[in-house]
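Just so it is clear, the structure is predicted and the values come from calculations on it, not from any experiment. When a residue number appears, it is its place in the shown sequence, counting from 1. All values below were derived from every heavy atom in this structure, side-chain atoms included, with hydrogens, water molecules and symmetry-related copies excluded.
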Amino acid sequence: MTDLPPNLPPLLGDAEGRYRINLVGNSGAGKSTVGQALARMLDVPYISMDRIMWQPGWKETPPEEFRARLRHQLDQDPRGWVADGNYDRRGGRIAFDAATDVIWLDPPLALYLPRIIRRTLLRLLGLGEPCSPGCSERFSEVFFSKDSIIWWCISHHRTIRKRLQERMVDYGLINGRIVNQRKMRRIGGWGRDLKNWLKAVEAMSTAGIALARILGVPYIDMDKIMYQPGWVETPPDEFQARLREVMAQNSERGWVIDGNYVNTGGKIAFDASTDVICLVTLPFSPYNLS
């Protein structure tokens with residue numbers, strides 16, 4: 001089960017409503033599946049550290065190149081990202097440090113070991129997507145090598161759990177010692193807690209659209225006003241003018257506006273609102289205080 005009370009928001013994000021999520025945990029714990037689902041819900045890029053690490057033929061990417069490629073991908077989309085992986089010794093820690101939310105997937109070994117065996121067998125038969133392009137599984141390596149992903153999963157279960165438990169001491173969402181970096185949550189159990197958490201994230205990510213549909217009013221996404229093609233940011237004066245124009249066009253019926261951008265002019269929506277619904281934990285939230 002999770003280590004958090006039920007009244008916490010499913011994700012923290014930053015003060016601008018952007019989400020940068022690092023998924024950590026042992027191989028086979030479900031990081032890739034969950035990461036891709038989160039990226040779809042939040043409409044942000046999914047970054048697989050495995051694909052950065054492993055070049056064709058299972059050639060390892062040198063640490064400096066790994067860090068540079070990961071940094072490049074993290075910087076591609078200003079709206080945020082979902083990065084899946086650990087690779088601390090290679091430079092993966094930069095994703096952890098830059099994340100607004102760190103999700104530790106920690107299911108029982110008995111749950112995910114059969115899952116990774118099935119995934120590996122499908123890859124051996126050419127029926128599953130490889131870990132990284134050009135990195136095919138080989139029968140001898142899977143069953144008769146110390147580098148077998150199945151053996152790695154078994155032998156590193158306790159090691160990785162201990163390492164991440166220690167990290168929770170500093171970064172845990174409720175009691176982390178580094179108060180302004182309380183951003184890490186653990187999701188364990190046999191699947192129900194993870195399923196419920198994903199449902200909560202989906203509900204949060206679609207709340208604005210659903211509310212606009214229920215009320216029969218326009219839905220206005222500030223992201224679409226802020227970002228021009230190529231992720232060029234709209235200058236503050238222009239952003240405020242465009243937002244004010246959209247609000248005025250729909251002033252009689254009302255609207256649902258999704259976004260913050262307080263420092264860029266978005267506060268005019270806050271000031272004009274009849275209701276403000278906060279779905280993000282802001283820096284002054286009690287969740288971030290000792």
Does Asp88 come within less than 4.0 Å of Arg167, counting only side-chain N to carboxylate O? yes
Test item: Phe239 and Glu233 side chains (from C-beta on) under 4.5 Å apart, heavy atoms: no
Do Leu38 and Leu198 touch side chain to side chain, with heavy atoms closer than 4.5 Å? yes
Main chain of Gly85, side chain of Asn22: is a donor-acceptor contact present, judged purely on distance under 3.5 Å? yes
Applying side chain to side chain contact (heavy atoms under 4.5 Å, CB included) between Val34 and each of Asp84, Leu23, Ile21, report the one that passes. Leu23
Note: Tyr219 and Ala212 closest approach over all heavy atoms is CB-CB, 3.7 Å
Taking the side chain as every heavy atom from C-beta outward, state whether Arg90 and Met49 have any pair of such atoms under 4.5 Å apart. no
Roughly how far, to the nearest 0.5 Å, is the CG atom of Asp258 from the NZ atom of Lys224? 10.5 Å
Over all heavy atoms of both residues, which pair between Ala269 and Ser273 is shortest? Give the atoms and the distance, please. O-OG, 2.5 Å
Under 4.5 Å between side-chain heavy atoms, counting indirect links through other Ile/Leu/Val/Met/Phe/Trp/Tyr residues: same cluster for Leu215 and Trp255 or not? no
Which residues end up grouped with Leu127 if you chain together Ile, Leu, Val, Met, Phe, Trp and Tyr wherever their side-chain heavy atoms are less than 4.5 Å apart? Leu122, Leu125
Do side-chain atoms of Lys183 reach the backbone of Ala99 as a donor and acceptor pair under 3.5 angstrom? yes
Measuring only between side-chain heavy atoms, which start at C-beta, is Arg253 closer than 4.5 Å to Pro218? yes
Is there a side-chain contact between Ile220 and Ile225 (heavy atoms, below 4.5 Å)? yes
State the CG-CE distance between Asn260 and Met222, to the nearest 0.5 angstrom. 7.0 Å
According to a 4.5 Å side-chain heavy-atom criterion applied to Ile, Leu, Val, Met, Phe, Trp and Tyr, with indirect links allowed, do Ile117 and Trp151 form part of one hydrophobic cluster? yes
Between Lys31 and Gly25 (side chain of the first, backbone of the second, donor and acceptor by atom type, cut-off under 3.5 Å), is there such a pair? yes
CZ/Arg185 to CH2/Trp197 distance, rounded to the nearest 0.5 angstrom? 7.0 Å
For Met53 and Cys131: C-alpha separation, side-chain torsions, deciding distance, then whether side chain to side chain contact (heavy atoms under 4.5 Å, CB included) applies. CA-CA 10 Å; Met53 177 64 185; Cys131 170; over 6 Å; no
When rounded to the nearest 0.5 angstrom, what distance separates OG in Ser48 from CD in Glu129? 8.5 Å
Just verifying a value: how many Å separate Met184 CE and Leu173 CG, rounded to the nearest 0.5 Å? 11.0 Å
Is the CG atom of Asp237 crowded by more than 12 outside heavy atoms at less than 6.0 Å? no
Looking at side-chain heavy atoms only, is the closest gap between Val201 and Tyr19 below 4.5 Å? no
Any chance you could measure Thr264, atom OG1, to Met226, atom CE, to the nearest 0.5 Å? 4.0 Å
Should the pair Asp170-Arg177 be classified as a salt bridge under the 4.0 Å nitrogen-to-oxygen rule? yes
Using 30° and 60° as the class boundaries, would you call the ring planes of Tyr112 and His157 parallel, tilted or perpendicular? tilted
4.5 Å side-chain heavy-atom contact, Tyr261 and Pro236: no
Of all the heavy-atom pairs spanning Arg71 and Ile94, show the shortest one and how long it is. N-CD1, 3.9 Å
Please report the shortest heavy-atom distance between Arg69 and Ile52, naming the atom on each side. NH1-O, 3.3 Å
Test side chain to side chain contact (heavy atoms under 4.5 Å, CB included) applied to Val276 and Phe270, step by step: CA-CA 7 Å; Val276 177; Phe270 182 97; 3.7 Å; yes
Dump the intermediate steps for side chain to side chain contact (heavy atoms under 4.5 Å, CB included) on Gln228 and Glu238, then the final yes or no. CA-CA 12 Å; Gln228 303 175 37; Glu238 182 182 344; 4.1 Å; yes
So, for Ser132 and Trp54, which heavy atoms are closest and what is the spacing to 0.1 Å? OG-O, 2.8 Å
Treat each ILVMFWY residue as a node, draw an edge where side-chain heavy atoms are under 4.5 Å apart, and state whether Trp58 and Leu124 are in one component. no
To check you understand the geometry: which heavy-atom pair defines the closest contact between Cys153 and Leu113, and what is its length? SG-CD1, 4.2 Å
Run the salt bridge (Lys or Arg N to Asp or Glu O under 4.0 Å) test against Asp271 and tell me which residues pass, sequence neighbours left out. Lys267
Check whether any side-chain heavy atom of Val102 lies under 4.5 Å from a side-chain heavy atom of Phe96, and answer yes or no. yes
Exactly one of Arg158, Arg163, Arg186 clears salt bridge (charged side-chain N to carboxylate O under 4.0 Å, His left out) with Asp106, and that residue is Arg186
Would you indicate whether Asn175, at its atom CG, is surrounded by more than 12 heavy atoms from other residues, nucleotides or ligands within a distance under 6.0 Å? no
Spell out, yes or no, whether Val246 and Val217 are grouped together once hydrophobic residues are joined by side-chain heavy atoms under 4.5 Å, including indirect joins. no
In this structure, would Tyr87 and Leu164 fall into the same cluster of hydrophobic residues linked by side-chain contacts under 4.5 Å? no
Quick one: does any side-chain atom of Arg18 pair with a main-chain N or O of Trp81 as donor and acceptor, under 3.5 Å? no
